[in-house]
Amino acid sequence: MKERQNIAGHDPILACSPYSNVKHLHGRLRQRKSLSIIMGGLANERKPVMTSSTTPPPVPRTERGNRASRQLDSLSSYEIVELLNREDAVVAEAVRPALPQLARLVDFASAALDSGGTVHYFGAGTSGRLAVLDAAELVPTFNLEVGTVVAHIAGGEPALLTAVEEVEDSAETGAAEAAGVQARDVVIGIAASGSTPYVIGALGAARAAGACTALITSNPDTSVAGQVDLVIAADTGPEVLTGSTRLKAGTAAKLLLNGFSTALMVRRGRVWSNFMVSLVAGNSKLRERSIRILAEAGELSQPDALRLLERADGDLKTALVSHLGAADMARARTALVEGNGTVSGALAALRREQPFDAISISKGNK
């Protein structure tokens, strides 16, 4: 993992520490105003004029040619998709070395939410669309409050449907869209090359505000490494179609976002055992899933699970706590409040009142 460099006495990853006293942390952050020069430079510095004596930056691996696909235009349809599939197979292994950094980011984000903070994603193009997708799916899957995880894409909503490539070149736009970030927040940039100006501008503004910053990228040599708290790099290498980072790099970003947000929701108590007990059953598919989850978790028949769910007014967690905790619906609801909305916490609250022999109650201790 690449961490922020200890520049001018800076305490690396202080802003991200889940163990720091929040008030003390904010005080320390207010004392670091000298570092604003670094962050402000990210958003506002002028690009150097290239001259014959100026060394161009190294080409990211994501932009280099792939020797294995040099004959791509002469391959049959099957050979093309087989080659793509063969190259895709390296993505999961490329993600594996980044897992320790990803786990730290989960811990930092969970601590930020504990203190009333927000998780922000910033991305452009494919990276931005993946960020929007991940954030949007957390609401129905985990009943996450809108505004807890917020995705920002260069170009706004129109960029979801139509490519608006030029907007990603503006660091100033990224910085402006991160203007509302606070010191208690976590800001995650997603950029395959690790050099997208929109993303760099947003990260610079976030760091200036004292927020924890992280970059998800497929370029382990990104020049931003010393300017963010965490770099989470999956080195997927050159693409089959040179520079088309919607391929392996995009797949890696999706895997990393999946891992981050799912682990975060588990840590936040939005899951019990391995069941998505917080889901919002807004359509027939999800209502049927709620019944199946209750039936399996409670070792009930589906008709019995349906009747129990109806008595709980469709609330899966209430039904589950009522059944496993041998409590009526009203008590199950108050137990959930006492348990901070988690099934485990609610069962623990009921268990403190009186011992009971509930079905699979050991799962509540997870």
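Numbering starts at 1 and runs along the sequence shown.
Minimum interatomic distance between Thr242 and Gly65 (heavy atoms only, all atoms of both residues): OG1-CA, 3.8 Å. Taking both residues in full, the closest heavy atoms of Val95 and Leu256 are given as CG1-CD2, 3.7 Å, listed atom of the first, atom of the second, then distance. Across all non-hydrogen atoms, the minimal contact from Thr217 to Val231 is CG2-CG1, 4.1 Å.
Counting heavy-atom neighbours within 6.0 Å of Arg96 CZ, excluding the residue itself, gives a total of 12 or less. Atom CZ of Arg331 is surrounded by more than 12 heavy atoms from other residues, nucleotides or ligands within 6.0 Å.
Remark: Tyr198 engages no residue in a ring pair (Phe, Tyr, Trp, His ring centres under 6.0 Å) (not counting sequence neighbours). Considering only residues two or more places apart in sequence or on other chains, Asp235 meets the salt bridge (Lys or Arg N to Asp or Glu O under 4.0 Å) condition with Arg61. Scored by the side-chain hydrogen bond (donor to acceptor under 3.5 Å, both in side chains) test, Asp114 finds Arg268 as partners (sequence neighbours excluded). Residues satisfying the side-chain hydrogen bond (donor to acceptor under 3.5 Å, both in side chains) criterion with Glu79, sequence neighbours excluded, are Ser76.
Within the 4.5 Å cutoff, no side-chain heavy atoms of Ile188 are placed close to those of Leu215.
Using modelled atom types and a 3.5 Å distance limit, the side chains of Asn219 and Thr62 yield no donor-acceptor pair. Under 3.5 Å, the side chains of Ser195 and Ser193 contain a donor-acceptor pair of N or O atoms.
If you chain together ILVMFWY residues whose side-chain heavy atoms come under 4.5 Å of each other, Val132 ends up grouped with Ile153, Leu160.
When the side chains of ILVMFWY residues are joined at heavy-atom separations under 4.5 Å, either directly or via intervening members, Leu133 and Phe260 end up in two distinct hydrophobic clusters. Residues Val277 and Val280 fall into different hydrophobic clusters, defined by Ile, Leu, Val, Met, Phe, Trp and Tyr side chains chained together at heavy-atom separations under 4.5 Å.
A donor-acceptor distance shorter than 3.5 angstrom exists from the side chain of Ser301 to the backbone of Asp304, with no hydrogens or angles considered. The backbone N or O of Ala249 lies less than 3.5 Å from a partner atom in the side chain of Glu239, making a donor-acceptor pair. Distance alone, capped at 3.5 Å, is enough to place a donor-acceptor pair between the Ser261 side chain and the Leu257 backbone.
For residues 135-160, every residue pair satisfying the side-chain hydrogen bond (donor to acceptor under 3.5 Å, both in side chains) rule, not counting sequence neighbours, is listed here: His120-His152, Glu145-Arg270.
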